[in-house]
Structure formats: C-alpha cells, structure tokens
Amino acid sequence: MTPVLRTAYQKSVAEYWNNEKDPVNLRLGDVDGLYHHHYGLGDYDPSVLNGDEATRDARIIEELHRLESAQADVLLDHLGPVTPDQRLLDAGCGRGGSSIMANARFGCRVDGVSISQQQVDFANAQARKRGVDDRVRYHFANMLDTGLPTGAFQGIWNNESTMYVDLDELFAEHARQLAFGGRYVVITGCSNDVTGGRSKAVSRIDEHYTCNIHPRSAYFKAMAANGLVPMNVVDLTPTALPYWELRAQSTLATGVEDPFLTAYREGSFHYLLIAADRI
C-alpha cells in the first residue's frame, strides 16, 4: 500500500497543517461552525469598522467569515447541477467547511481528503456534530493518489490547495476519478507568467504557507494533457481585494496581508477560478 505521505516535502506540509491553530481560521469558523481554509470574495460592509470599539473585532471576524463562505458559494455555483444520488470530492479539504456547504446545497454524498490527520479528525467531528456524517466523510489521503474509486465523482474541486502539488499528477488523478462529463473546479492564486518572473510579494506568500505557487499557464497546460476542458475562466482578483483590505484591519492579521495586497495590485498575482469538464 502506497503511504499517504510520499516525500519529505509532503511530510513538512502535513506537519505544518497538523500544528496549525491560526485564529484567523478557527475564530472565523467559530461564528457558525463552518471552518474554512480559504479567503473571501466580495465587498465588505464598511459599517463593521465603526461603532463600539469593544465589539469592533467581533464584527470584523463575522464579516470576514461571511466573505469566505461567499467564496465557497461561488465555487459551488460552478459545479453545475448535482443530484442527491451523485458524489463530490473536496480535494485538500482543510477543516471541511466547503464539503458541509456542498452537502447542504445538493443533498449528495461528499468525500474530503487531506494529508493532515488533525484536519481530517476535526472535520469528521464537525460532520458528526451536524448529523451529516453518513453523507460527508473525510479521509486521511493524498489527493495525488486517493485510493477512491475510478469514475465515481460528478464533481471535484480544489479550493486553494493546488499550490502544494504537481499539477500534472493532480489532474491525472482527478480525471481518473471524475465521471465522463463530470465537472472540476479550482480556485487558486497563481503567478502572472506574462510579466516574466515571480515577484517578491509572491515569493513571500510561498514562504508563509510552505507552498509553491504555480504560474497561470501551468493550469491550462496540465488540464489539456489530462482531458479536462475549461468551460469557464473567471479572474476573481478584483473581488478578492476587499477581503484582504478588511483582514489587514483585524487583530487576526498574520502579516501575509501586505504581500497579498501588493501582489494583487501590481498584477503579479491573480486569483483565478477555472471550471473544466472531463471529456
């Protein structure tokens, strides 16, 4: 049996997420029990910055969480029609919030995979707490080789998790698991290879998250090589900026806010959604 953690790098990533207890993830999830590991989309309500100072940070946290759940809704919108008898896969599921939202929307079975045992245990506990553990299950597995059945999934998504893996390996595994005509959706940050080289801000993001951000073109090359045909490509960068502007004013700021804002504004980094069909 192939081990889940196959390389020293994968072991280091798993260790990072097993030990991660960042309040910017946990306190936002505490708002309603949906724990995400991605950023937000859309304009924030500026009134959260005004009013009683004693409750200002709580207001900001609730608004940041609203924006990150809105981001998950945008991703789920692009999965297309899904029926309750079909099955979805959340690749790189984090603490499982998007899987819970997908089950609530479609009524279908959802599997999530993560190389962090801590995340998997946390997510399964949340599914049990919500009484959906018969339909939403999380697995300690490598998204490059999940062991899940061939052609079993109507939809698969990666939400800000592709920067940890080789895209050709990833899309080959997704193509294996997707039913013909099934839909793959990715939301990711990617570097602008048109400008010729990585910016200092993008390199700082890599360093912060122990990841390796891919150039935008790499996604399309790897999809073309693995039978995934892009149907929708959406540059989400303009709608991603407000989240970072608000987060920079929160006590939960981690120091990575400035590199994100710089990279987005200078155009060296894009926040991209690609929805592709399996042919």
Side-chain angles (χ1 to χ4, degrees), residues 1-40 57 60-61 64-65 68-69 71-72 89-101 111-130 133 136-147 157-166 169-170 187-189 201-214 243-244 247-248 250-260 263:
M1 184 176 177
T2 306
V4 172
L5 303 175
R6 305 190 314 207
T7 66
Y9 174 67
Q10 289 174 0
K11 290 174 184 175
S12 71
V13 171
E15 182 179 17
Y16 174 88
W17 288 111
N18 281 330
N19 294 323
E20 182 271 336
K21 295 179 176 60
D22 198 325
V24 80
N25 293 319
L26 293 170
R27 286 189 61 191
L28 269 62
D30 289 343
V31 171
D32 61 3
L34 289 172
Y35 292 85
H36 297 300
H37 279 274
H38 58 255
Y39 312 126
D57 212 49
I60 292 175
I61 287 169
L64 288 171
H65 183 60
E68 64 177 3
S69 288
Q71 188 263 27
L89 174 62
D90 182 354
C93 61
R95 289 187 173 94
S98 297
S99 300
I100 298 283
M101 290 177 65
D111 293 272
V113 297
S114 172
I115 61 171
S116 165
Q117 185 69 62
Q118 189 275 339
Q119 288 185 341
V120 169
D121 293 344
F122 185 99
N124 278 319
Q126 291 302 309
R128 286 192 297 272
K129 187 175 180 180
R130 288 176 172 267
D133 52 310
V136 181
R137 294 174 183 169
Y138 302 94
H139 312 272
F140 176 56
N142 193 316
M143 70 171 84
L144 300 178
D145 182 19
T146 65
W157 72 86
N158 285 96
N159 198 351
E160 297 180 15
S161 54
T162 51
M163 62 286 297
Y164 289 103
V165 295
D166 178 88
E169 285 188 74
L170 179 69
I187 294 182
T188 186
V202 171
S203 295
R204 287 178 64 194
I205 296 168
D206 264 352
E207 183 181 359
H208 184 90
Y209 290 111
T210 319
C211 65
N212 181 29
I213 290 164
H214 302 291
Y243 166 88
W244 289 102
R247 180 166 147 173
S250 165
T251 60
L252 301 183
T254 63
V256 79
E257 291 77 16
D258 182 59
F260 270 95

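Scope of the values below: all heavy atoms of this structure, side chains included, with no hydrogens, waters or symmetry mates.
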Who passes side chain to side chain donor-acceptor pair (under 3.5 Å) against [X], sequence neighbours left out?
| X | answer |
| --- | --- |
| Q126 | none |
| N212 | none |
| N158 | S161, H174, Y184 |
| S203 | none |

Who pairs with [X] by side chain to side chain contact (heavy atoms under 4.5 Å, CB included), at least two apart in sequence or on another chain?
| X | answer |
| --- | --- |
| Q117 | N18, V120, D121, F140 |
| Y9 | T7, S12, V13, Y164, T210, C211 |
| A72 | H36, H38, S98, M101 |
| R130 | L34, I100, V132 |

Check salt bridge (Lys or Arg N to Asp or Glu O under 4.0 Å) between [X] and all other residues, then give those that pass, not counting sequence neighbours.
| X | value |
| --- | --- |
| E257 | R247 |
| D145 | none |
| E20 | R95 |
| E169 | R6 |

